[in-house]
Amino acid sequence: MNGAPQVHYLNVDYGIRSWLFTTDHKRIAWLYLLSVTLFFFFGGFFATLIRLELMTPQGDLVQAETYNKFFTMHGVTMVFFFLIPSIPAVLGNFLVPMMVGARDLAFPRLNLASWYIFILGGLFTLASAAAGGVDTGWTFYTPYSSIYSNSHVALTVVGVFVTGFSSILTGLNFVVTIHKMRAPGLTWFRLPLFIWAIYATSIIFILGTPVIAITLLLVGLERVFNLGFFDPARGGDPVLFQHLFWFYSHPAVYIMVLPAMGVESELVTAFARRRVFGYSFVAFSSLAIAVIGFLVWGHHMFVAGQSVHAGLIFSLLSFLVAIPSAIKVFNWTATLHRGSISYDAPMLYALGFIGLFTIGGLTGLFLASIGVDVHVHDTYFVIAHFHYIMVGGSVMAYLGGIHFWWPKMTGRTYPEPVARVAALIVFLGFNLTFFPQFVLGYLGMPRRYHAYPPEFQALNVMSSAGASILAVGYVLPLIYLIWSLRYGRVAGRNPWGARGLEWQTPSPPPTHNFDVTPRVVAEAYAYDKEPEETYEFGSPSRA
Amino acid sequence: MNSAVPAAPDAFEVRAHQFEDVEQQHHASWLGMWVFLATEVMFFGGMFAAYAFYRVGFPNAFAAASNRLDVTLGAINTAVLISSSFTMALAVHGGETGRNKAAIRYLLLTMLLGAVFLGVKFYEYHEKFVEHLVPGPAFRFEGPHAHPAEIFFSLYFAMTGLHALHMIIGIGLLTWMALKARRKRFSPIYYTPIELTGLYWHFVDLIWIFLFPLLYLVGRHL
Ligand SMILES: [Cu+2]
């Protein structure tokens, strides 16, 4: 039971073709893992350049135009090519079929096609970087992006457009799989909360992504064919672009954080060894976030000439959307209460997530208040806020999830002590990088400038120092995880003693995940029972 | 249901390995197509939103610009597409009942109607080009509404162009289905692909049913 099976999904076939033409969701997860890791370090490279430039008040490292390209390439890469695909396409791909007890996703070939589409979009973006980059900011605001910018907007926009279809098709695959391919006895309310989170995310993929696609298509057409959709000189309205852009891009925030919340629910229960507190509240709050998240986009446009009434309503709705997130935080905390907690590396990331996400969420409420937003709009306060959500939240959960499921993915465990140290370094480095930015923003330092008044230097130097610590925290896992592929201890089927269905099959799993289709007879997270009381591996086919 | 897989005439595998049985596969494919159409609705929806926004902003310009479209050709194309939906439904029926010959006949007819639509569309585009109504430096529009009229024509080309692209993809799918039917693939136990192709085709027709009045008939009631 503890040894790896003779034949599993990794050793069933070697050679590059068996990877590039695979339809196995677990192998496709690896393809995504490799590609998003590359994009992460590519985007991180630009972050490094940004922090280097901001060490001194003068613009001495690069010119303003070059600096604009740095933060644009950083934003575009991190948002569209790392954060959005990270948890859904890597962990989601690997886990969704196993968690629902299926042999694969509903449409395996479509899944592989999604990866190729993702790579194609990525190549366009890399090509635009190689050709000289883009300088519009990741928001591509018109009319600058559609008329005035002299950088490679069209190429980048095509890249993001293409990648969007990868997200859409992945979301479609997940929705169909979760609806139609659950194992016998696996009712909706027995599903792991990760599945609920991925389901809610997929809804946003399906309904939100096409809108950004069409919007960027219009920008591209305007640029290439000299049209006037968003050109005020020809009757077009640049604010219409902002509406369409944020209609997707606010929900996209939830694309980035909902899966992280799903991971969080798995980690907290596994390391507190308790059933999650208020299962249905956590489950439905994911759907509530997905739905309400579509109605709050105007909070990005409080100072863009939006009417006061619209502003008020968007402000109110933005406060409302915080409620389901708060429910989740309270329920995770309540799950910890009286749990028997162990502080393994995934749990350190999970606890870090709770703290940092809470700070990010609460500062989001500052920004949802119109009066405060007018003061801190487009300052480093906003930068700090969304990095607390995206990096402090999503990246922490992603790393926690990678560590947690690493034994399942590879059959080996990573070295625990160094992993704990790395998790602490990430936490410290992160806070040192981004907390000073709250202060900078509050004091009035605007975002997207390469030079600043000398009195801001101390805080900026702190931030840059923190960034270098953070970089160490990110490189360490890269090293020891690769090391563990060869030298890690053999993990066995269920090294954490977790209750998820994915832990009831060998590590690494066989190609079809389960030798026998499981039957689920109890609720998720039954840490008060043995796994055998939740799952039955009896009859060889569905009744 | 036990997964005894029924075999089609030349014994190709109907059930893909990830499914328990053919029924589950059928349901999954259906749901997948509907979810895809939901995405499509939002995709076109972004453009419809832009259209609505500018039409409210420039009602007179949109009416004036709309009058430059050829409503007769638009109406003919509408009729052509509705007929093609009818032949498509007959093709699907042929597939479901395993009458592959009938399916091929109606698929070809549907493709023909689709091609007629695209031909008429292409002719209309050509007319607009000749009349300097293609947005860009060459755009000419007499009267006070030149700028918003240019936006109208930008939307016209973007929306009908995107629709035409969907038609071309649809004709590709129909070709694929016709090839399947030629290999006598369709039978009462295996017809999901032709059914879903039909669903897609009807959806693309439906988009046109919205595009036609919004683009061609705006000015007529004034
Ligand atoms: Cu937002």
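Chain letters run A, B, ... following the sequence lines, proteins first, then strands; residues in each count from 1.
Only the side chain of A:L217 comes within contact range of chain B, with at least one heavy atom under 4.5 Å from a heavy atom of that chain. Contacts between B:F36 and chain A at a heavy-atom distance below 4.5 Å involve backbone atoms as well as side-chain atoms. Within the 4.5 angstrom heavy-atom criterion, only side-chain atoms of B:L162, from C-beta onward, approach chain A. Of the two parts of A:F247, only the side chain, counted from C-beta on, holds a non-hydrogen atom closer than 4.5 Å to a non-hydrogen atom of chain B. Within the 4.5 angstrom heavy-atom criterion, only side-chain atoms of A:L218, from C-beta onward, approach chain B. Contacts between B:A50 and chain A at a heavy-atom distance below 4.5 Å involve backbone atoms as well as side-chain atoms. Of the two parts of B:F44, neither the backbone nor the side chain holds a non-hydrogen atom closer than 4.5 Å to a non-hydrogen atom of chain A. Residue contact with chain B, scored on non-hydrogen atoms closer than 4.5 Å, involves the backbone and the side chain of A:L172 alike.
The neighbour count for A:Y116 OH, taken as heavy atoms of other residues, nucleotides or ligands under 6.0 Å away, is above 12. Annotation for B:W176: atom CH2 does not count as buried by contact number, only 12 or fewer foreign heavy atoms lying within 6.0 Å. By the neighbour-count criterion of 12 heavy atoms within 6.0 Å, atom CH2 of B:W34 is sparsely surrounded, having that number or fewer from other residues, nucleotides or ligands.
The two residues A:P210 and B:M42 come nearest to each other via the heavy atoms CG-CB, 3.5 Å. When all heavy atoms are compared, the tightest approach of B:G46 to A:I214 is CA-CG2, 3.7 Å. Scanning all heavy atoms of the two residues, the minimum distance from A:I206 to B:T39 falls at O-OG1, 2.9 Å. The two residues A:K180 and B:A28 have their closest heavy-atom pair at CG-CA, 3.9 Å.
Between B:F19 and A:M181, some side-chain heavy-atom pair lies under the 4.5 Å cut-off.
Looking only at distances, no side-chain donor or acceptor of A:R234 sits under 3.5 Å from a matching main-chain atom of B:P148. The backbone N or O of A:L227 sits nowhere less than 3.5 Å from a side-chain atom of B:S154 that would complete a donor-acceptor pair. A distance-only check finds no donor-acceptor pair linking the side chain of B:Q18 to the backbone of A:R103 [under 3.5 Å]. Remark: side-chain polar atoms of B:Y54 are paired, donor with acceptor, to backbone N or O of A:F229 under 3.5 angstrom.
With respect to chain B, the highest number of heavy-atom pairs below 4.5 Å among A:G171, A:G235, A:G208 belongs to A:G235. When the candidates A:P97, A:P108, A:A213, A:S202 are compared by the number of heavy-atom contacts under 4.5 Å with chain B, A:P108 comes out ahead. Chain B forms the most heavy-atom pairs under 4.5 Å with one residue out of A:D237, A:V175, A:L244, A:D104, and that residue is A:D237. When A:L207, A:N226, A:T177 are compared by the number of non-hydrogen pairs under 4.5 Å with chain B, A:L207 comes out ahead. The choice from B:V134, B:L31, B:V41 that makes the most heavy-atom pairs within less than 4.5 Å of chain A is B:L31. Counting heavy-atom pairs under 4.5 Å between each of B:E150, B:H27, B:M47, B:H147 and chain A puts B:H147 at the top.
Under the side-chain hydrogen bond (donor to acceptor under 3.5 Å, both in side chains) criterion, B:H202 pairs with B:S85, sequence neighbours left out.
Centroid-to-centroid, the aromatic rings of B:H17 and A:H512 come within less than 6.0 Å.
Aromatic ring pairs are classed by plane angle as parallel below 30°, tilted from 30° to 60° and perpendicular above 60°; the pair B:F43 and A:F165 is perpendicular.
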